[in-house]
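These notes concern the structure reproduced below.
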Protein chains: 2
Amino acid sequence: MPNFALTEAVYYILLSLMQPLHGYGIMQNVEQLSNGRVRLAAGTLYGAINTLLEKGWITALPGSTDSRKKEYLITDIGKQMVQAELIRLQELITNGNRIMEVHNQ
Amino acid sequence: MPNFALTEAVYYILLSLMQPLHGYGIMQNVEQLSNGRVRLAAGTLYGAINTLLEKGWITALPGSTDSRKKEYLITDIGKQMVQAELIRLQELITNGNRIMEVHNQ
DNA sequence: AACCGTTATATCGGTAGCCGATATAATATA
DNA sequence: TATATTATATCGGCTACCGATATAACGGTT
């Protein structure tokens with residue numbers, strides 16, 4: 001019941017896949033998207049891609065020109081997960097601000 | 001460089017300890033604080049308390065009336081971590097909203 | 001064609017955090 | 001005194017992340 005929190009890595013991977021991208025492109029996009037703060041390790045990225053495929057939150061697109069590249073895209077379910085995460089994040093901030101103000105300075 | 005993200009459990013534990021509380025009180029407070037969404041398992045709670053003590057983000061208060069209860073309180077460092085987390089969370093939301101709007105419907 | 005740096009995917013072992021179960025004990029209540 | 005609740009602690013298992021390493025394809029240069 002509690003645990004539908006997304007990790008930062010998964011969150012940014014899903015955001016990146018609002019456009020079609022291959023793994024390495026996700027890596028670069030996440031770093032840019034987060035103003036250089038979040039750098040995905042290779043193990044994190046390709047591990048997460050596999051679990052997200054299994055969950056059906058992202059899907060693999062058919063072949064590209066470059067035989068190395070495998071492109072992915074977020075699914076409708078994946079988008080719903082991002083929306084739910086945005087709500088959860090907003091709750092964290094609201095609760096955090098409230099508590100910090102009550103016991104303030 | 002990337003990883004100063006707090007887990008949801010640690011975040012709510014730190015918020016709870018803006019007031020003096022013992023472990024079990026934290027459990028109840030976190031559940032209430034999160035509108036019943038986050039329920040800490042015992043292993044999570046007492047494990048997190050130990051790592052937070054080691055990091056100096058919380059401190060143990062001297063004895064209470066009830067010989068069972070051990071009370072804790074957030075430290076200045078802990079408060080700084082919560083403030084940093086609030087900024088990180090706000091960035092996640094800002095980035096998320098921007099991306100979701102750009103590729104909108 | 002041969003070389004080389006970059007791009008790209010994949011796997012592995014280690015570590016940390018969360019969970020649920022279990023154990024144990026002190027306190028409060030009936 | 002018996003029982004339920006409160007309270008802390010530990011354990012094994014699972015998942016996620018990390019950094020290192022391996023492998024290969026592509027692009028550009030000579």
Side-chain angles (χ1 to χ4, degrees), chain A residues 1-14 16-17 20-32 34 37-55 57-73 81 85 88 92, chain B residues 1-14 16-17 20-32 34 37-55 57-73 81 85 88 92:
Chain A
M1 181 151 266
N3 241 17
F4 54 89
L6 303 188
T7 64
E8 193 172 46
V10 165
Y11 178 73
Y12 274 117
I13 290 172
L14 289 177
S16 296
L17 291 181
L21 273 180
H22 54 97
Y24 201 79
I26 295 173
M27 250 186 188
Q28 297 167 181
N29 193 67
V30 166
E31 182 165 356
Q32 181 209 336
S34 66
R37 231 202 65 242
V38 180
R39 289 173 202 169
L40 298 181
T44 306
L45 174 66
Y46 294 103
I49 286 176
N50 281 332
T51 64
L52 291 175
L53 282 172
E54 284 165 24
K55 287 179 177 173
W57 296 10
I58 66 173
T59 185
L61 299 178
S64 83
T65 50
D66 189 330
S67 73
R68 294 172 300 172
K69 297 178 182 176
K70 297 185 191 172
E71 285 198 324
Y72 305 95
L73 190 63
M81 294 302 157
E85 179 68 3
R88 189 188 71 92
L92 288 186
Chain B
M1 181 152 269
N3 242 16
F4 53 90
L6 303 189
T7 64
E8 194 173 46
V10 165
Y11 178 73
Y12 274 117
I13 290 171
L14 289 177
S16 295
L17 291 181
L21 273 180
H22 54 99
Y24 201 79
I26 295 173
M27 250 187 188
Q28 297 167 180
N29 193 66
V30 165
E31 183 166 354
Q32 181 209 336
S34 65
R37 231 202 65 244
V38 180
R39 289 174 201 170
L40 299 180
T44 307
L45 174 67
Y46 293 103
I49 286 176
N50 281 331
T51 63
L52 291 176
L53 283 172
E54 284 164 25
K55 287 180 178 173
W57 296 10
I58 66 173
T59 185
L61 299 179
S64 82
T65 50
D66 189 329
S67 75
R68 295 172 299 171
K69 295 179 181 174
K70 297 184 191 172
E71 285 199 323
Y72 304 96
L73 190 64
M81 294 302 157
E85 179 69 3
R88 189 189 71 91
L92 288 186

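Per chain, numbering begins at 1; letters A, B, ... match sequence-line order. None of these values were measured; they are calculated from a predicted model. Keep in mind that the numbers below use all heavy atoms, side chains included, and drop hydrogens, waters and symmetry copies.
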Presence of K69(B) side-chain N/O under 4.0 Å of dA26(C) phosphate oxygens OP1/OP2: no
dG17(C) OP1/OP2 closer than 4.0 Å to side-chain N/O of T7(B): no
Along DNA chain D (nearest heavy atom to each residue), the more 5'-positioned of G43(B) and G25(B): G25(B)
Measure from the side chain of [X], starting at C-beta and using heavy atoms only, and say which of [options] lies closest.
X: A42(B); options: dA21(C), dG20(C), dA16(D); value: dA21(C)
X: K70(A); options: dC17(D), dC18(C), dA10(C); value: dA10(C)
X: T44(A); options: dC17(D), dT10(D), dA7(D); value: dC17(D)
X: Y24(B); options: dA16(D), dT11(C), dT8(D); value: dT8(D)

Evaluation steps, side-chain contact (heavy atoms from CB on, under 4.5 Å), between V38(B) and Y11(B): CA-CA 11 Å; V38(B) 180; Y11(B) 178 73; over 6 Å; no
[atom1] of [X] versus [atom2] of [N]: gap in Å, rounded?
X: I26(A); N: dA8(C); atom1: CD1; atom2: C1'; value: 12 Å
X: F4(B); N: dA16(C); atom1: CZ; atom2: C1'; value: 18 Å
X: H22(B); N: dT6(D); atom1: NE2; atom2: C1'; value: 8 Å
X: L53(B); N: dT8(D); atom1: CG; atom2: C1'; value: 13 Å
X: R37(B); N: dC18(C); atom1: CZ; atom2: P; value: 14 Å
X: Y72(B); N: dA7(D); atom1: OH; atom2: C1'; value: 11 Å
X: L6(B); N: dA16(C); atom1: CG; atom2: P; value: 17 Å
X: M27(A); N: dT7(C); atom1: CE; atom2: C1'; value: 11 Å

Flag if over 12 foreign heavy atoms under 6.0 Å of CD, Q32(A): no
Inter-residue atom distance L6(B).CG - L92(A).CG, 0.5 Å rounding: 10.0 Å
R37(B) to Y12(B), cation-pi by 6.0 Å centre distance and 45° axis angle: no
Any side-chain heavy-atom pair of R88(A) and E8(B) under 4.5 Å: yes
For DNA chain C, the residues among residues 45-52 of chain A that have a non-hydrogen atom under 4.0 Å from it: Y46(A)
Please set out all donor-acceptor pairs under 3.5 angstrom arising from side-chain atoms of residues 45-54 of chain A, sequence neighbours excluded.
unit_1, atom_1, unit_2, atom_2, d
N50(A), ND2, Y46(A), O, 3.4
T51(A), OG1, A48(A), O, 2.9

Sugar-phosphate, base or nothing in reach of A9(A), heavy atoms under 4.0 Å: sugar-phosphate
Touch class at under 4.0 angstrom, heavy-atom based, for G23(B) against every strand present: sugar-phosphate
Donor-acceptor contact present, side-chain T44(A) to main-chain L40(A), <3.5 Å: no
